[in-house]
Amino acid sequence: MTESTEETGRHAGIPGVDADVAEAAAAERDIAVKVGDDLIEVKNLTVKFGGLLALDNVSFTIKRGEILGLIGPNGAGKTTCFNAMTGVYKPTSGQVLLEGRVLNGLKQHKITRAGLARTFQNIRLFGEMTALENVVVGLDARHKTSVVGALLRLPRHVREEKSSIERGMALLEFVGIADQAATLSRHLPYGSQRRLEIARALATDPKVLCLDEPAAGFNPAEKEELMQLIRTVRDDGYTVLLIEHDMKLVMGVTDRIVVLEFGKKIADDVPSVIREDPKVVSAYLGEPEDDFA
Amino acid sequence: MSMVDGPTPLHTAKADQAAEDRGAVGTPPGSSAAARRSGWFGGLGEKWQALPRQKQWLFLILVVILAYLLPIINPPLISTEPGNDFPLACQTMAVWALVAVGLNIVIGYAGLLDLGYIAFFAVGSYVTAMLTSPDSTFLKIPYLWTIPVAMAVTMFFGVLLGVPTLRLRGDYLAIVTLGFGEIVRILATIIPALKGQVGFQNIGHPPGTDASGIPIFSNSNGTPWYWLTLTILIIVLLLAGNLERSRVGRNWIAIREDEDAAETMGVPTFKYKVWAFAIGAGVGGLSGALMSGQVGFVSNAKFDVVTSILFVAAVVLGGAGNKVGAILGGALVAYIPLRFTSIAEYKYLIFGLVLVVVMIYRSHGLLAARQQLLAYGQKAYAAVKASSDAKAAKAKTGPGKEAAS
């Protein structure tokens with residue numbers, strides 16, 4: 001990513017985004033890789049379900065500070081790739097490295113703590129918790145209070161509880177739903193639920209934020225708002241992996257795009273090149289879009 | 001405060017609907033986080049949350065004093081006499097309440113359906129019996145020391161059962177725990193040292209005698225036992241409340257709500273499920289130790305699976321997830337057969353019917369309050385409410401805005 005300064009400059013200009021809020025929501029991140037270097041390496045990732053080859057020898061990298069789009073027609077293996085990266089599926093072969101550290105075989109919660117957070121395509125919030133509590137569960141990933149510490153309310157517990165209220169509210173404000181902090185997440189409107197998912201994932205203080213079709217079910221105006229939120233997230237120093245099959249959204253927001261078809265990578269380039277790539281056009285753009293349901 | 005200037009047109013329709021949903025359950029949108037359910041006690045939790053902290057404490061202290069005085073007052077209509085001694089009935093109720101509070105951690109918080117909770121109750125009873133009864137060949141220690149030992153041993157059993165079985169979910173876990181409940185009872189029958197139906201007599205009790213030389217904690221004197229159990233119950237409640245409003249409670253509820261999502265959010269789900277099992281088991285063992293001390297006799301006959309189901313019924317009846325509800329449920333399930341002795345033999349029929357009715361009309365139990373999961377959440381919520389109230393007062397906007405507040 002070469003335009004980082006320009007992006008940050010634009011940061012303050014984005015309507016509705018408070019630079020102070022973005023500052024408060026940003027955490028102290030200790031990332032070994034420099035901006036622009038490879039943060040995540042996916043190497044020859046293969047996933048088989050029985051005889052079905054869902055993901056065939058896919059390799060790509062995610063550079064620190066960029067928004068990488070992962071696109072492809074329905075059933076191309078986008079979510080499978082995602083799940084293999086975040087530890088939901090065990091890859092048949094291949095490796096996922098975060099800052100050079102192999103993530104395969106780690107438990108999911110360890111992968112999250114290593115710095116890879118995700119949202120879900122079908123919203124999976126904790127329905128009986130308030131918006132703020134949902135976010136604090138994400139924050140807890142970085143907390144160290146033990147069961148005994150909580151039982152006896154030791155100083156570390158008190159400190160972490162207090163800071164998590166502040167950080168949690170800042171994150172809710174960052175995604176724009178702070179006024180609904182006390183609402184049970186299952187009572188939130190759909191758009192707020194999507195935003196809460198992003199806030200909850202950000203709360204785990206990820207190095208890479210993986211968004212699985214965050215705009216599903218949105219109308220064009222809401223998609224536009226979401227794009228701005230994603231840009232703000234990136235400007236805040238996060239690296240974003242975005243799965244989406246709305247081409248307009250992807251072209252508008254990403255720095256680079258990886259295209260999958262039938263489990264294989266068919267292209268990997270900047271949006272303007274992807275747009276012209278005949279393979280991509282025939283595989284994907286030629287198909288009617290059906291995501292405006 | 002908000003960064004979006006009110007919801008977009010599409011939002012409004014959805015927000016309206018959400019507001020309608022909330023209206024239907026009797027809570028105005030934007031009110032406190034608690035009490036979003038309707039019913040006979042609808043709004044009770046909300047009113048409680050709205051009280052200032054001092055009033056809450058004052059009310060609680062009154063309730064506690066009344067609870068301590070209960071066996072002495074022996075209120076006429078409530079009393080179980082002449083059929084059953086009332087102080088002893090109080091003790092039984094307190095023990096059942098303690099059992100329900102322990103089981104509530106497993107079922108209500110972590111969402112693990114444990115049908116074999118009686119096993120932990122049994123282990124606690126047997127530990128106390130074997131360490132104090134003259135019938136056993138083990139070394140003897142004072143009764144009060146057996147309580148922590150019983151808790152430690154049952155926690156160990158909780159981990160022992162949890163580690164292999166907590167990889168299972170839902171119905172499968174329920175079946176395995178049901179089996180575990182039976183295994184403990186059968187082991188008590190077939191292992192000679194556990195003395196099967198013969199059991200252990202003259203189990204120990206706390207020290208102290210009154211003026212005439214009779215032990216204060218005798219088997220027939222319910223009041224001191226009740227006070228002891230009630231005190232322990234209050235301590236357990238406070239500690240359980242600490243856990244609830246912490247990372248531990250939040251992780252448990254997250255596991256209950258969506259285990260996969262919890263794992264993805266960095267919750268070590270397996271570890272916290274084992275903790276829930278172990279802590280629940282510890283409380284079960286504690287109540288077993290208290291029960292066996294008061295009764296003075298332990299044999300395998302008391303630990304049947306049907307009692308285990310009654311434990312679950314107590315939690316579900318009171319309101320799974322709410323510790324005050326669990327106390328109510330536990331006390332009720334113990335109280336009804338003692339109060340109405342003529343129908344006591346039909347108790348399973350009655351509790352079955354009651355459960356069906358409660359599930360139809362009040363599927364979250366009698367006292368269904370949401371957990372408070374943040375130690376310092378009230379202030380944050382109050383601030384949010386104040387700011388949105390101010391905003392609503394400043395600019396009278398569309399209904400969508402209010403619903404979103």
Side-chain angles (χ1 to χ4, degrees), chain A residues 16-18 21 86 88 107-109 112-113 117-118 120 124-130 132-133 136-138 140-143 145 147 150-153 157-158 160-162 164-165 168-169 173-184 187-192 200-201 204 219 221-222 225, chain B residues 1-5 7-11 14-15 17-18 21-22 29-33 36 239 242-243 245-251 253-254 256-258 260-270 275 279 321 370-371 373-377 379-381 383-385 387-388 391 403-405:
Chain A
V17 174
D18 188 333
V21 170
T86 51
V88 179
K107 290 237 171 65
Q108 279 182 62
H109 66 89
T112 305
R113 283 171 200 215
R118 68 170 293 180
F120 292 91
R124 294 180 78 167
L125 293 165
F126 307 122
E128 280 290 306
M129 289 187 181
T130 65
L132 181 58
E133 284 163 0
V136 175
V137 170
D140 282 334
R142 300 281 166 214
H143 288 170
T145 302
V147 173
L151 201 63
L152 304 175
R153 308 189 70 145
H157 161 76
V158 174
E160 287 184 347
E161 286 293 317
K162 283 186 174 156
S164 60
I165 298 282
M169 286 307 296
E173 194 143 332
F174 180 63
V175 299
I177 54 170
D179 50 348
Q180 300 166 62
T183 311
L184 289 195
H187 288 153
L188 285 174
Y190 181 78
S192 302
R200 187 179 64 172
T204 65
N219 66 22
E222 289 169 315
E225 278 179 27
Chain B
M1 186 159 178
S2 164
M3 297 197 309
V4 277
D5 283 328
T8 54
L10 190 74
H11 267 155
K14 276 174 185 154
Q17 203 188 343
D21 289 349
R22 272 170 285 168
S31 66
S32 86
R36 293 188 183 275
L239 292 177
N242 279 358
L243 284 184
R245 288 182 302 275
S246 79
R247 179 179 183 216
V248 182
R250 284 190 297 271
N251 285 355
I253 305 289
R256 186 190 75 191
E257 293 291 307
D258 188 333
D260 296 325
E263 177 81 24
T264 307
M265 286 305 125
V267 177
T269 50
F270 182 67
W275 265 116
I279 293 172
R370 219 186 59 82
Q371 301 77 28
L373 298 173
L374 299 166
Y376 304 99
K379 269 185 213 158
Y381 293 144
V384 169
K385 193 169 181 297
S387 90
S388 66
K391 216 167 20 173
S405 66

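Convention: sequence-line order gives letters A, B, ...; per-chain numbering from 1. Excluded from the calculations below are hydrogen atoms, water molecules and symmetry mates; all remaining heavy atoms, backbone and side chain alike, are included.
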Worksheet item: Given the rule in the side chain to side chain contact (heavy atoms under 4.5 Å, CB included) test, do D260(B) and F120(A) qualify, once you have shown the distances and angles that lead to the verdict?
Response: CA-CA 11 Å; D260(B) 296 325; F120(A) 292 91; 5.7 Å; no
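- Distance check: L152(A) CG to S246(B) OG gives 11.0 Å after rounding to the nearest 0.5 Å.
- Smallest separation of non-hydrogen atoms from G127(A) and E257(B): N-OE1, 3.2 Å.
- Of all heavy-atom pairs spanning G266(B) and A141(A), the tightest one is CA-CB, 4.2 Å.
- Options A375(B), G321(B), G249(B), G377(B) differ in how many heavy-atom pairs under 4.5 Å they form with chain A, and the most are formed by A375(B).
- A 4.5 Å side-chain heavy-atom check between T264(B) and R118(A) finds at least one atom pair inside the cut-off.
- For R245(B), the parts sitting under 4.5 Å from any heavy atom of chain A are the backbone and the side chain alike.
- Between Y381(B) and A182(A) the shortest heavy-atom distance is CD2-CB, 3.4 Å.
- Interface remark: A117(A) contributes no atoms to any contact with chain B (heavy atom separation under 4.5 Å).
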Fill in: Full working for side chain to side chain contact (heavy atoms under 4.5 Å, CB included) between N242(B) and H157(A)
CA-CA 10 Å; N242(B) 279 358; H157(A) 161 76; over 6 Å; no
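- Using a 4.5 Å cut-off between heavy atoms, R124(A) contacts chain B through both its backbone and its side chain.
- The salt bridge (charged side-chain N to carboxylate O under 4.0 Å, His left out) test with R250(B) singles out one residue from E161(A), E128(A), E133(A), and that residue is E161(A).
- Heavy-atom distances place the side chain of N251(B), and not its backbone, under 4.5 Å from chain A.
- When all heavy atoms are compared, the tightest approach of M129(A) to A254(B) is CE-N, 3.4 Å.
- Neither the backbone nor the side chain of T86(A) comes within contact range of chain B, judged by heavy atoms closer than 4.5 Å.
- Of the atoms belonging to H143(A), heavy atoms from both backbone and side chain fall under 4.5 Å from chain B.
- Your options are L132(A), I165(A), V136(A), V147(A), and the one with the most heavy-atom pairs under 4.5 Å with chain B is V147(A).
- Contact annotation for V267(B): both backbone and side-chain heavy atoms come within less than 4.5 Å of a heavy atom of chain A.
- Under the 4.5 Å side-chain criterion, counting only non-hydrogen atoms from C-beta, K162(A) is not in contact with K379(B).
- Comparing V158(A), T204(A), T145(A), L151(A) by heavy-atom pairs within less than 4.5 Å of chain B, the highest count is held by L151(A).
- In this structure, the side chains of M169(A) and V384(B) come closer than 4.5 Å at one or more pairs of heavy atoms.
- Between L125(A) atom CG and D258(B) atom CG the span is 9.0 Å, to the nearest 0.5 Å.
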